[in-house]
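Order of the sequence lines fixes the chain letters, A, B, ..., with proteins taken first and strands second; residue numbering starts at 1 for each chain.
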Protein chains: 2
Amino acid sequence: MTLTSLQQEFVLHFGEMGSRWGINRTVGQIYALLFISSEPLNAETITDALAISRSNTSMGLKELQSWNLVRLKHVQGDRRDYFTTPDDLWEIVRTLVAERKKREIDPTLTKLRELELQGPAGDDYAEARIAELREMIEMMTGFYAEMEKLETQRLVKLMTLGSRIAGLIDKTGAMFPALTKRK
Amino acid sequence: MTLTSLQQEFVLHFGEMGSRWGINRTVGQIYALLFISSEPLNAETITDALAISRSNTSMGLKELQSWNLVRLKHVQGDRRDYFTTPDDLWEIVRTLVAERKKREIDPTLTKLRELELQGPAGDDYAEARIAELREMIEMMTGFYAEMEKLETQRLVKLMTLGSRIAGLIDKTGAMFPALTKRK
DNA sequence: CAGTGATTTCAGAAATTTCTGAAATGTAAG
DNA sequence: CTTACATTTCAGAAATTTCTGAAATCACTG
């Protein structure tokens, strides 16, 4: 498979960005290629489109699968595995956020709780700082859990509303009547 | 400087997590150490607390400064530079989000716009996919820009309210009267 | 259940990133 | 201007990550 120059540029960009995210260049490129391909691709096709080794493709796909970022498809009369990304961009974003939370946030939250359980260590400042950090992370993950439940439509509306929502809350942090009365 | 076992564990954890984020172990450790230290620390102190080379400390601090994550302080009658993290956790989070956006999102947005400007490349699917991705990123960064403007107090309240806010929007995505009337 | 092709595994090679010590540069004080 | 630190730079060493080709495993098919 030969890439159009548009595909080429897109794929290369995601490869470079990959390192800024926590993933490697090849994984970024594979994902980008699947993302802009209208049809599912098999490992062989990816291998030659990106000019990498077959085994590298295999590892990259495995990595993407562990992130739940690609779906496996099968073509009638073809034994090979074909891969795609979900059509729904929101689904992709949800997955991405969920997985990053799992890998980047949750372990830290666990560790902080563990440290607090070890009880007073005679370092009041550090202890207070750790507690404060834990509380903040809990607040943010709690908010995230709520947002995760929302249907996409409502989420979109919420984002579009933007800061107009904040108008409902006065400076002291109390809610305006409009919000408290209803429900 | 010798670390208490609490400090030790905290610092090592952030070192390990560092690689899951885009930063390296040492940078994570330096930041963690500054974060749980009640007093500003100089490079020499950091160097021996973490058992790394003086030059490594210098590079790590430079990296943290480029992220705006540390502040430089000076102690009367001492020529050395002392470093701390802001007391306000919210300020830290805001900085972190802003910097990650700058490094991880903005370049991609620019690239996508650039690709669109290059005009029809005869690959309708890829073009549509790119446009869709650009729109989603614009929506999210737009929402972020709004949230960034809010005072911390309101932001906290908003997060605590959580999904109750979503009750204000009906399934079709239209706002409920309560929200539209008050303005 | 042998044969064929697809996929994965894995040890070492290649590439990249991180770290160090030595030298260079910067800076305040005398 | 010179001395006395403090900090930064930088080339090479060390460590880590990524990539490859060969071999192993897996799984259909006839």
Pair up each side-chain donor or acceptor in residues 22-34 of chain A with any protein partner under 3.5 Å, not counting sequence neighbours, and list the distances.
| from | atom 1 | to | atom 2 | distance (Å) |
| --- | --- | --- | --- | --- |
| A/N24 | OD1 | A/T26 | N | 3.0 |
| A/N24 | OD1 | A/V27 | N | 3.0 |

Please determine if B/E146 and B/K149 form a salt bridge, counting it only when a charged side-chain N lies under 4.0 Å from a carboxylate O.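 Counted as a salt bridge, because a side-chain N and a carboxylate O are separated by less than 4.0 Å.
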Interatomic distance, [X] [atom1] vs [N] [atom2] [rounded to whole Å]:
X     : N      : atom1 : atom2 : result
B/D78 : C/dT27 : CG    : C1'   : 14 Å
B/R80 : D/dT7  : CZ    : C1'   : 12 Å
B/L61 : D/dT9  : CG    : C1'   : 15 Å
A/D81 : C/dG5  : CG    : C1'   : 12 Å
B/L72 : D/dT8  : CG    : C1'   : 14 Å

Contact residues, residues 30-46 of chain B to DNA chain C [heavy atom, < 4.0 Å]: none
Only pairs at least two apart or in different chains count here, so list each side-chain hydrogen bond (donor to acceptor under 3.5 Å, both in side chains) that has a residue in residues 129-138 of chain A.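 Pairs touching residues 129-138 of chain A that pass the test: A/R113-A/E138, A/E116-A/R134, A/Y125-A/R129, A/R129-B/T85, A/R134-A/E138.
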In short, salt bridge (Lys or Arg N to Asp or Glu O under 4.0 Å) pairs touching residues 3-12 of chain B with sequence neighbours left out are A/K111-B/E9
Kindly state each residue pair satisfying salt bridge (Lys or Arg N to Asp or Glu O under 4.0 Å) with at least one member in residues 56-77 of chain A, sequence neighbours excluded.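 Residue pairs passing salt bridge (Lys or Arg N to Asp or Glu O under 4.0 Å), neighbours aside: A/R71-A/E91.
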How does each nucleotide of nucleotides 10-30 of chain D score, in 5' to 3' order, for protein heavy atoms under 4.0 Å: base (B), sugar-phosphate only (S), or none (-)? ------S-SSBB-----B---
Would one find a side-chain N or O of A/S58 under 4.0 angstrom from OP1 or OP2 of C/dT8? yes
Using only side-chain N and O atoms of B/K62, determine if any of them is under 4.0 Å from OP1 or OP2 of D/dT7. no
How would you list, by chain and number, every residue that makes a side chain to side chain donor-acceptor pair (under 3.5 Å) with B/D87, sequence neighbours excluded?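 If we apply the side chain to side chain donor-acceptor pair (under 3.5 Å) test to B/D87, skipping adjacent residues, there are no hits.
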Show the atom names and distances, to 0.1 Å, of all donor-acceptor pairs under 3.5 Å that link a side chain in residues 13-20 of chain A to residues at least two apart or in another chain.
| from | atom 1 | to | atom 2 | distance (Å) |
| --- | --- | --- | --- | --- |
| A/H13 | NE2 | B/T108 | OG1 | 2.9 |
| A/S19 | OG | A/E16 | O | 2.9 |
| A/R20 | NH1 | B/R103 | O | 3.0 |

Considering residues at least two apart in sequence or located in another chain, which fulfil the side-chain contact (heavy atoms from CB on, under 4.5 Å) criterion with B/S53? B/S55, B/N56
